[in-house]
Amino acid sequence: QMQLEESGGGTVQPGGSLRLSCVVPGSAYRFCMGWFRQAPGTEREGVAAIDSEDTGRSRYAESVKGRFTITKDNAKNTLYLEMNNLRPEDAALYYCAAKPGICWFPSLVASDYTYWGQGTQVTVSS
């Protein structure tokens, strides 16, 4: 069972920025990958996802479009989520997820993913 490892969470003020990282053991190539988040009392929500083929094809939740950017560095086996202009409603536990194989159309549906990390906490508070 592959275990992903997230890092980069923390506490920021509204309007601040954070960059989350997720290391994939072995290789990030040929994995469709995504970021999800879950706040207390809510269901896990897809935030951003990226395809497996380095085309740059990505998908975002409406609530984060224009503020968050997902990228993948296969040379470093690492997935990133750049988060700008953070809002209090962005506060949650953020998870990295991976689905092995070729995927051209990244998914924001949690059940589509096979491997998960333990999560990294993002707090947005003044």
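Computed from a predicted model, the values in this text were never measured in an experiment. Worth knowing before you read on, the calculation uses all heavy atoms, side chains too, and leaves out hydrogens, waters and symmetry mates.
When every heavy atom of A61 is checked against every heavy atom of G46, the shortest pair comes out as CB-O, 3.4 Å. The two residues M33 and A98 make their nearest non-hydrogen contact at CE-CB, 4.0 Å. The minimum heavy-atom distance linking G8 with L18 is given by the pair O-CD2, 3.8 Å. In this structure, K72 and S52 approach most closely via the heavy-atom pair NZ-O, 3.8 Å. Minimum heavy-atom separation, V122 to G9: CG2-CA, 4.3 Å. Between A49 and S107, the shortest heavy-atom contact is CB-O, 3.2 Å.
Using a 4.5 Å heavy-atom cutoff, the side chains of Y60 and I70 are in contact. Side chains of R57 and P106 form a contact here, defined as non-hydrogen atoms less than 4.5 Å apart. No side-chain heavy atom of P14 sits less than 4.5 Å from a side-chain heavy atom of R87. Between W35 and C96 the shortest side-chain heavy-atom distance falls below 4.5 Å.
The environment of CD in Q3 is crowded: more than 12 heavy-atom neighbours from other residues, nucleotides or ligands sit within 6.0 Å. By the 6.0 Å contact criterion, CD on Q118 is open, its count of non-hydrogen atoms from other residues, nucleotides or ligands being 12 or less. Residue E43 qualifies as open at atom CD: its count of foreign heavy atoms under 6.0 Å is 12 or below.
If you take OG on S125 and CG on L86, they are separated by 12.5 Å, rounding to the nearest 0.5 Å. The distance from atom CZ of R37 to atom OH of Y94, rounded to the nearest 0.5 Å, is 4.0 Å. Interatomic distance, OG1 of T71 versus CZ of R19, reported as 7.0 Å (0.5 Å rounding). The OG1 atom of T114 sits 8.5 Å away from the CZ atom of F31 when rounded to the nearest 0.5 Å. To the nearest 0.5 angstrom, L4 atom CG is 11.5 Å from N77 atom CG. Rounded to the nearest 0.5 angstrom, R67 CZ and N84 CG are separated by 9.0 Å.
A salt bridge does not link R59 to D51: none of the charged side-chain nitrogens sits closer than 4.0 Å to a carboxylate oxygen.
Side-chain N or O atoms of D73 include one that pairs as donor or acceptor with a backbone N or O of K76 at under 3.5 Å. A donor-acceptor pair under 3.5 Å is absent between the side-chain atoms of S21 and the main chain of S7, judged by distance alone. Formation of a donor-acceptor pair under 3.5 Å by the Y115 side chain with backbone atoms of V24 is not found in this model. Between the side chain of Q13 and the backbone N or O of V124 there is no donor-acceptor pair closer than 3.5 Å.
For the pair R44 and Y95, the cation sits on the ring face: its NZ or CZ lies under 6.0 Å from the ring centre, inside 45° of the axis.
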Q: Could you go through the side chain to side chain contact (heavy atoms under 4.5 Å, CB included) check for Y80 and T69 one step at a time?
A: CA-CA 8 Å; Y80 300 99; T69 303; over 6 Å; no
Q: Might you work through the side chain to side chain contact (heavy atoms under 4.5 Å, CB included) test for T120 and L93, ending with a clear yes or no?
A: CA-CA 6 Å; T120 184; L93 190 61; 5.6 Å; no
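By the criterion of side-chain heavy atoms lying less than 4.5 angstrom apart, applied directly or through intervening Ile, Leu, Val, Met, Phe, Trp or Tyr residues, I50 is grouped together with M2 in one hydrophobic cluster. Under a hydrophobic clustering in which Ile, Leu, Val, Met, Phe, Trp and Tyr are joined whenever their side-chain heavy atoms come within less than 4.5 Å, directly or via other members, F68 and Y113 fall into different clusters. Transitive grouping of hydrophobic side chains (ILVMFWY, heavy atoms separated by less than 4.5 Å) keeps F36 and V47 in distinct clusters.
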